[in-house]
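Here is the structure we will look at, set down as structure tokens.
Along the sequence shown, residues are numbered consecutively beginning with 1.
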Amino acid sequence: MRTAEVSRDTQETKIRVAINLDGTGKQDINTGVPFLDHMLDQIARHGLIDLEVYCDGDTHIDDHHTVEDVGITLGQAFAKAVGDKKGIVRYGHSYVPLDEALSRVVIDFSGRPGLYYHIPFTRALIGRFDVDLFQEFFQGFVNHAAVTLHIDNLKGINSHHQAETVFKAFGRALRMALAEDPRMAGVIPSTKGVL
């Protein structure tokens, strides 16, 4: 089973993440930031990843620490669950539309953290959620999952649609990259022999 549970406690947040990469998309999420919960739900459902995320954070200050630290802890959980990466496809990509919005996400479980992020949000807030925090979430994730991640919103007018297409595409790209390739069973998918 490709599962992991990670806890991260700081003076700003207390977080527990549990994942099953070979799940069915079941989720139990409560970060204290409702729009983040909605986006994490998209990762679980579209990635077919069972996901539990609990966070008690200093949202009385703002949502920044919670969003960033959830990204960090989720990245740590993915790194632990993936393990040595033997037999995985390694690369994943997805294009996802939602009405007028269209996003592309490409991921490589390369062992090298890199975020290449372009989302021209049409407004700064979705409800009360500051859209700048999405970049903090993904930066935390890539730094700790050690992946290369390209995120591009190609079209969009409605910021909610823009965000949702990104997270749905992220889930589907994860699903593709983490699929087990029967022709690569027991082999690390790299000419270097290590990732």
Under 6.0 Å from the CD1 atom of Ile157, do we count more than 12 heavy atoms belonging to anything else shown?
no
With side-chain contact (heavy atoms from CB on, under 4.5 Å) as the test, would you mind laying out the steps for Leu21 and Glu180 before giving the verdict?
CA-CA 11 Å; Leu21 300 181; Glu180 294 177 311; over 6 Å; no
Is atom OH of Tyr117 surrounded by more than 12 heavy atoms (other residues, nucleotides or ligands) closer than 6.0 Å?
yes
Treating Arg104 as the side-chain partner and Val166 as the backbone partner, does any N or O pair qualify as donor plus acceptor under 3.5 Å?
no
On a heavy-atom basis, which atom in Ala173 and which in Ser94 lie closest, and how many Å separate them?
N-CB, 4.0 Å
Given the rule that I, L, V, M, F, W and Y join up when any side-chain heavy atoms are under 4.5 Å apart, are Val131 and Phe138 in one cluster?
yes
Check this for me, if you would: do Glu52 and Arg16 make a salt bridge, where the nitrogen-to-carboxylate-oxygen distance has to be below 4.0 angstrom?
yes
Using the six-membered ring wherever Trp is involved, compare the ring planes of Phe141 and Phe137 and label them parallel, tilted or perpendicular (cut-offs 30° and 60°).
parallel
Can you tell me how far apart OG1 (Thr122) and NE2 (His161) are? Round to the nearest 0.5 Å.
10.5 Å
With distance as the sole criterion, is a donor-acceptor pair present between the side chains of Asn143 and Gln139 under 3.5 Å?
yes
Where Leu115 and Gln135 come nearest, the two heavy atoms and their spacing
CD2-O, 3.9 Å
Hey, would you say the Tyr91 and Phe109 ring centroids sit under 6.0 Å apart?
no
Give a yes or no on whether the ring-centroid distance for Phe35 and His160 is below 6.0 angstrom.
yes
So that I can tick it off, tell me whether Arg90 and Asp181 are bridged by a salt bridge, with the cut-off set at under 4.0 angstrom between side-chain N and carboxylate O.
no
For the pair Lys14 and Asp56, find out whether any cationic side-chain nitrogen is under 4.0 Å from an anionic carboxylate oxygen.
no
When you look at NE2 of His93, are more than 12 heavy atoms from neighbouring residues, nucleotides or ligands closer to it than 6.0 Å?
no
Rounded to the nearest 0.5 Å, the CG atom of Asn158 sits from the CD atom of Glu164 at a distance of 9.5 Å
What are the two closest heavy atoms between Arg112 and Asp108, and how far apart are they?
NH2-OD2, 4.4 Å
Between Ile107 and Ala177, the two heavy atoms sitting closest are CG2-CB, 3.8 Å
